[in-house]
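Worksheet: the structure to be examined is printed underneath.
Note that the numbering runs from 1 along the sequence shown for the chain.
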Amino acid sequence: MIRAIAKFCSMLAVLMLAGVSIPASAHKGLKPKELVNLDPTKGYILVRIGLNGSSKGSAPVIVLARMNVETGVPYFGNGASKKEFNVALAGGGNFLSTDGKTSLYVIPVNPGRWAVTAAGNTVFSLGTYGFDVAAGEIVNAGTLYTGREDGKSPVPEIAAAKLSQDLVEFGTLMNIVMTDALLLKPPVVVEQVPAGLAAFPMRHAEIIADIRFPNTYTLLINRAIGLPQMAHNVPEPKEVQEPAPAPTS
């Protein structure tokens, strides 16, 4: 019986994964050798990502996307990573430097409003952080940490965002039903950047809190750590029905 349940859950996990979609493409961080002939019409996001314990100093990948401010929907990507400037991936091996605890990334992007949209198998459509980026500038977005909500993260704030134990056990068993948490720590220091970036002015991001958007990635949903509790919508008044006219004799 247990094997039958496990087999059914495995099939369910496969079906869930089949329905998952992530940005079709995104621009990765620049490597040091790529910091030449930078385009002044682009903005540049500078961000630190907390490490995942990799001996190579790489960090888990976090998705950032430019927001359509009119519709409130993030841009999704056009399928050409080196030419995609509306979606950015921060994480992995394309980092400028590492201090052993975090890795530093810089990503060229189209100017506009940007938001941290996803990490792992989770989209932060219930509330996330964002900032504006202008052409010809470097915006220091601070440090991003992410991790599964299983209570095992070395980051205290993420460890405290643990799911109920039954979900932790099931998610660990199936390696799927487990949301990721997101923590942003605003920038506090002026980052030392390579010479290739020194010509661009750099400023700390003015963080915009509680950006919400539709779950366009069709992933598990969550709300970033540190945001206030979501309030209930104001109840809509019920329509008052006028009494039926009295019958006439």
Side-chain angles (χ1 to χ4, degrees), residues 23 25-50 59 61-78 80-99 102-119 124 127-146 182-213 224 226-227:
S25 183
H27 208 298
K28 297 180 180 179
L30 297 176
K31 295 180 178 179
K33 64 181 181 180
E34 297 176 302
L35 301 179
V36 294
N37 300 322
L38 296 178
D39 188 349
T41 67
K42 302 299 180 185
Y44 293 84
I45 296 175
L46 188 78
V47 61
R48 284 193 172 275
I49 307 295
V61 174
I62 296 178
V63 182
L64 301 95
R66 188 165 73 94
M67 301 296 296
N68 185 323
V69 294
E70 295 182 358
T71 64
V73 176
Y75 289 96
F76 204 73
N78 64 12
S81 62
K82 286 295 183 180
K83 298 180 180 179
E84 177 53 63
F85 296 99
N86 286 327
V87 185
L89 296 182
N94 286 29
F95 56 86
L96 296 181
S97 62
T98 179
D99 59 11
T102 62
S103 288
L104 183 65
Y105 297 82
V106 61
I107 311 159
V109 298
N110 282 332
R113 176 153 298 174
W114 282 77
V116 185
T117 53
F124 300 99
T128 187
Y129 297 98
F131 47 87
D132 292 332
V133 181
E137 71 170 0
I138 305 169
V139 176
N140 183 351
T143 304
L144 294 172
Y145 297 88
T146 185
L182 174 71
L183 173 68
L184 182 148
K185 293 189 176 181
V188 294
V189 299
V190 177
E191 296 283 2
Q192 298 298 316
V193 297
L197 293 171
F200 292 85
M202 182 167 58
R203 64 175 177 86
H204 288 178
E206 298 178 4
I207 302 298
I208 303 169
D210 210 357
I211 295 177
R212 305 180 196 179
F213 53 93
L227 295 175

| said: I'd like to know if the side chain of Glu84 reaches the main chain of Asn86, judged simply by a donor and an acceptor atom lying under 3.5 Å from each other, with no hydrogens or angles considered. | reply: yes
| said: Main chain of Ile45, side chain of Tyr105: is a donor-acceptor contact present, judged purely on distance under 3.5 Å? | reply: no
| field | Separation of Leu144 CG from Leu182 CG (nearest 0.5 Å) | value | 6.0 Å
Would you please name every residue forming a side-chain contact (heavy atoms from CB on, under 4.5 Å) with [X], sequence neighbours left out?
X: Pro186; value: Leu184
X: Pro108; value: His27, Leu30, Tyr44, Phe85
X: Val61; value: Leu89

| said: For a 4.5 angstrom cut-off between non-hydrogen side-chain atoms, does Leu197 reach Leu96? | reply: yes
| task | Would you indicate whether the side-chain heavy atoms of Leu64 and Phe131 approach each other to under 4.5 Å? | result | yes
| said: Could you work out, with salt bridge (Lys or Arg N to Asp or Glu O under 4.0 Å) as the rule, every residue matching Asp39, not counting sequence neighbours? | reply: none
For the residue pair [X] and [Y], what are the closest heavy atoms and their distance?
X: Val47; Y: Ala90; value: CG1-CB, 3.8 Å
X: Ala224; Y: Phe124; value: N-CD2, 4.2 Å
X: Thr146; Y: Ala119; value: OG1-CB, 3.5 Å
X: Leu227; Y: Asp210; value: CD2-N, 3.5 Å
X: Ala141; Y: Pro187; value: C-CD, 4.0 Å
X: Gly196; Y: Leu38; value: O-CD1, 3.4 Å

| task | Using side chain to side chain contact (heavy atoms under 4.5 Å, CB included) as the criterion, point out the one residue from Val139, Ile211, Ile208, Val109 that pairs with Trp114. | result | Val109
| field | Listed once per pair and sorted, the side-chain hydrogen bond (donor to acceptor under 3.5 Å, both in side chains) pairs that draw on residues 127-138, sequence neighbours left out | value | Arg113-Asp132, Glu137-Arg203
| message | Give me each pair satisfying side-chain hydrogen bond (donor to acceptor under 3.5 Å, both in side chains) with a member in residues 183-192, each pair once, sequence neighbours excluded. | response | Arg48-Glu191
| task | Could you please spell out the steps behind the side chain to side chain contact (heavy atoms under 4.5 Å, CB included) verdict for Met202 and Val190? | result | CA-CA 9 Å; Met202 182 167 58; Val190 177; 4.0 Å; yes
| said: Let's go through Val106 and Val193 carefully: what are the C-alpha distance in whole Å and the side-chain angles of both, what is the deciding distance for side chain to side chain contact (heavy atoms under 4.5 Å, CB included) to 0.1 Å, and is it a yes or a no? | reply: CA-CA 9 Å; Val106 61; Val193 297; over 6 Å; no
| Asp99: what forms a side-chain hydrogen bond (donor to acceptor under 3.5 Å, both in side chains) with it, not counting sequence neighbours? | Thr102
